[in-house]
Q: 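Dropping the structure in here first, questions after.
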Amino acid sequence: MPSHRTPLLQRLARAFKYQSVQNIKTLVIERVLFEERNAAAVPEMIRKGTADAVIVFVPESSTMIEAIASATSSGTPIITLVSDLPTTPRLAYVGIDHYRAGQAAGLFMARMARQKKFLAVCSSLKYRAEASKISGFRDSIRAELADTPPIDVLEGDAWPRTTCDRSVGGLYIAGSKASLALSLEPWLSTNPVVIVNDLDEEVQRLMHSGAITLTIDQNPEEQASRSIAMLLSRLGITPHNHVSTMVPFTIHTRHNIAQTDGATASLPSGRGAVRQSV
């Protein structure tokens, strides 16, 4: 998995730690965390790995696809998690339908935003998950609105430093490694509709304060549970049990989440892979 500390990755880390404890007599889960600037080293790790099975959340590239094909042909089952690599011979993809999640965001955005100009933000289009969300968002906005509205897409970590455009009525954050509280601060005076992905305490506080309108959660705990269950069955450790690989996403507003302490989220002050057994 990538090593950056997003809500999704932090929750996945806790979920796999829980799965390790739950299955302590049958498996050892070793997490390999990589910095995205060093993602080119991951295919070689997959090819030369000694694990009985591999779960990957990685960017899409030709070398990554070749590495997964090589490992699979050697008999190692591989599951793609969160972001799919559908052109590989992986055992399964476990995660949400990101295109439909983007469509849901577009539906709400088109009907809620007063000004029909939109900005979509993603951390990297190399992840099929984020590219699919952006695609679904665009298609849904255009299907909902008769006039083709302007939809700008910003990729990378520079978007918080982008000059706030007061004509933007809707901001969709399909993926970002930046602090949401700090990134959204310049936009609060323009009061756009803000839709994000994944739920953590910061997002909850920002929803209760009104800075975020809603969030589309990927239910990473369920993704971890289903991927482990599938591999245990595939390896013959547990009886065969059909596990659905498509995990439903959940839409949250401030009305169906618990109130967290504090009215607003506090603003933060201004090399390879790491292996961790859990």
Q: Same cluster or not: are Val32 and Leu9 linked, directly or through other Ile, Leu, Val, Met, Phe, Trp or Tyr residues, by side-chain heavy atoms under 4.5 angstrom apart?
A: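 They do share one cluster, since a chain of ILVMFWY contacts under 4.5 Å joins Val32 to Leu9.
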
Q: Transitively linked via ILVMFWY side-chain contacts under 4.5 Å: Leu85 with Val54?
A: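 Yes, it is one cluster - the side chains of Leu85 and Val54 are joined through contacts under 4.5 Å.
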
Q: Could you walk me through whether Leu27 and Ile228 pass the side-chain contact (heavy atoms from CB on, under 4.5 Å) check?
A: CA-CA 10 Å; Leu27 60 84; Ile228 292 297; 4.0 Å; yes

Q: Work out which heavy atom in Ile195 is nearest to a heavy atom in Ala105; give both atom names and the distance.
A: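 Heavy-atom minimum between the residues: CD1-O, 3.4 Å.
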
Q: Can a donor-acceptor pair be found between the side chains of Thr190 and Gln115 at a distance below 3.5 Å?
A: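 The criterion, which ignores hydrogens and geometry beyond distance, is not satisfied for Gln115 and Thr190.
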
Q: Treating Ile, Leu, Val, Met, Phe, Trp and Tyr as nodes and any side-chain heavy-atom pair under 4.5 angstrom as an edge, say whether Val196 and Ile257 lie in one connected cluster.
A: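 Same cluster: Val196 reaches Ile257 through Ile, Leu, Val, Met, Phe, Trp or Tyr contacts under 4.5 Å.
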
Q: Go through the steps for Thr76 and Ile46 under the test side-chain contact (heavy atoms from CB on, under 4.5 Å), then give the verdict.
A: CA-CA 10 Å; Thr76 304; Ile46 293 174; over 6 Å; no

Q: So for atom OH, which belongs to Tyr18, do other residues, nucleotides or ligands contribute more than 12 heavy atoms lying within a distance under 6.0 Å?
A: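 Not more than 12 within 6.0 Å, no.
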
Q: Taking side chain as C-beta onward, heavy atoms only, is Ile96 less than 4.5 Å from Pro248?
A: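 Side-chain contact under 4.5 Å: no.
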
Q: Would you find more than 12 non-hydrogen atoms of other residues, nucleotides or ligands less than 6.0 Å from Arg47 atom CZ?
A: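 Yes, the 6.0 Å shell around CZ holds more than 12 heavy atoms from other groups.
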
Q: What heavy-atom pair brings Ala15 and Pro220 nearest, and what distance separates the two atoms?
A: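 So the two residues come closest at CB-O, 4.4 Å.
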
Q: So, Glu60 and Lys126, do they make that salt bridge, N to O below 4.0 Å?
A: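 Salt bridge absent between Glu60 and Lys126.
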
Q: How about Asp52: does its CG atom have over 12 heavy atoms from other parts shown lying under 6.0 Å from it?
A: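 Open: at most 12 neighbouring heavy atoms sit under 6.0 Å from CG of Asp52.
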
Q: Would you say Met45 and Met64 are hydrophobically clustered, going by side-chain heavy atoms of ILVMFWY under 4.5 Å?
A: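 Yes; Met64 is reachable from Met45 via cluster members.
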
Q: Please confirm whether the backbone N or O of Arg100 pairs with a side-chain atom of Asp97, one donor and one acceptor, at under 3.5 Å?
A: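 Side chain of Asp97 to backbone of Arg100: a pair is present.
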
Q: Only one of Thr63, Thr88, Thr87 passes side-chain contact (heavy atoms from CB on, under 4.5 Å) with Ile68; say which it is.
A: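 Single pass found, and it is Thr88.
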
Q: What verdict does the side-chain hydrogen bond (donor to acceptor under 3.5 Å, both in side chains) test give for Glu202 and Ser179, after you've listed the backbone C-alpha separation in whole Å, the side-chain angles of each residue and the deciding distance to 0.1 Å?
A: CA-CA 9 Å; Glu202 181 184 45; Ser179 163; 3.2 Å; yes

Q: So, does Arg11 use its side chain to make a donor-acceptor pair with the main chain of Leu199 at under 3.5 Å?
A: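 Indeed, once roles are kept as given, a pair shorter than 3.5 Å links the two residues.
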
Q: Are Met1 and Ile79 linked, directly or through other ILVMFWY residues, by side chains that come within less than 4.5 angstrom of each other?
A: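 Shared cluster, yes.
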
Q: In Å, rounded to the nearest 0.5 Å, how long is the span from CD1 of Ile237 to CG of Leu232?
A: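 Result: 5.0 Å between the selected atoms.
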
Q: Report the relative orientation of the aromatic rings in Tyr127 and Phe57; use parallel for angles under 30°, tilted for 30 to 60°, perpendicular for over 60°.
A: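 Tyr127 vs Phe57 ring planes: perpendicular.
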
Q: Decide side-chain contact (heavy atoms from CB on, under 4.5 Å) for Met109 and Tyr172; before the verdict, give the C-alpha distance in whole Å, the side-chain angles of both, and the deciding distance to 0.1 Å.
A: CA-CA 8 Å; Met109 193 74 79; Tyr172 175 47; 3.9 Å; yes

Q: Would a distance-only check, ignoring hydrogens and angles, find a side-chain to backbone donor-acceptor pair under 3.5 Å from Thr213 to Val194?
A: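 Checked: pair present.
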
Q: Would you kindly say whether Ser167 and Asp165 are connected by a side-chain donor-acceptor distance under 3.5 Å?
A: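 Yes, because at least one side-chain N or O of Ser167 sits under 3.5 Å from a partner of the opposite role on Asp165.
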
Q: With distance as the sole test, does Ser83 use its side chain to make a donor-acceptor pair with the main-chain N or O of Ala129 at under 3.5 Å?
A: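 Checking the backbone N and O of Ala129 against the side chain of Ser83, a donor-acceptor pair under 3.5 Å is found.
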
Q: When you check the gap from the basic side-chain N to the acidic O, do Lys133 and Glu130 get nearer than 4.0 Å?
A: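 Salt bridge flag = no for Glu130 with Lys133.
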
Q: Show the numbers, then the answer: is there a side-chain contact (heavy atoms from CB on, under 4.5 Å) between Leu145 and Phe118?
A: CA-CA 12 Å; Leu145 301 176; Phe118 307 99; 3.9 Å; yes

Q: Ignoring hydrogens and geometry beyond distance, is a side-chain donor-acceptor pair present between Asp198 and Gln218 at under 3.5 Å?
A: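 Present: a donor and an acceptor within the cut-off.
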
Q: Could you pull out the closest heavy-atom pair between Pro192 and Val168, with the gap in Å?
A: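 For Pro192 and Val168, the tightest heavy-atom pair comes out as CB-O, 3.9 Å.
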
Q: Counting only N and O atoms by type, is there a donor-acceptor contact under 3.5 Å from the side chain of His98 to the main-chain atoms of Val82?
A: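 Judged by distance alone, yes, a pair lies under 3.5 Å.
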
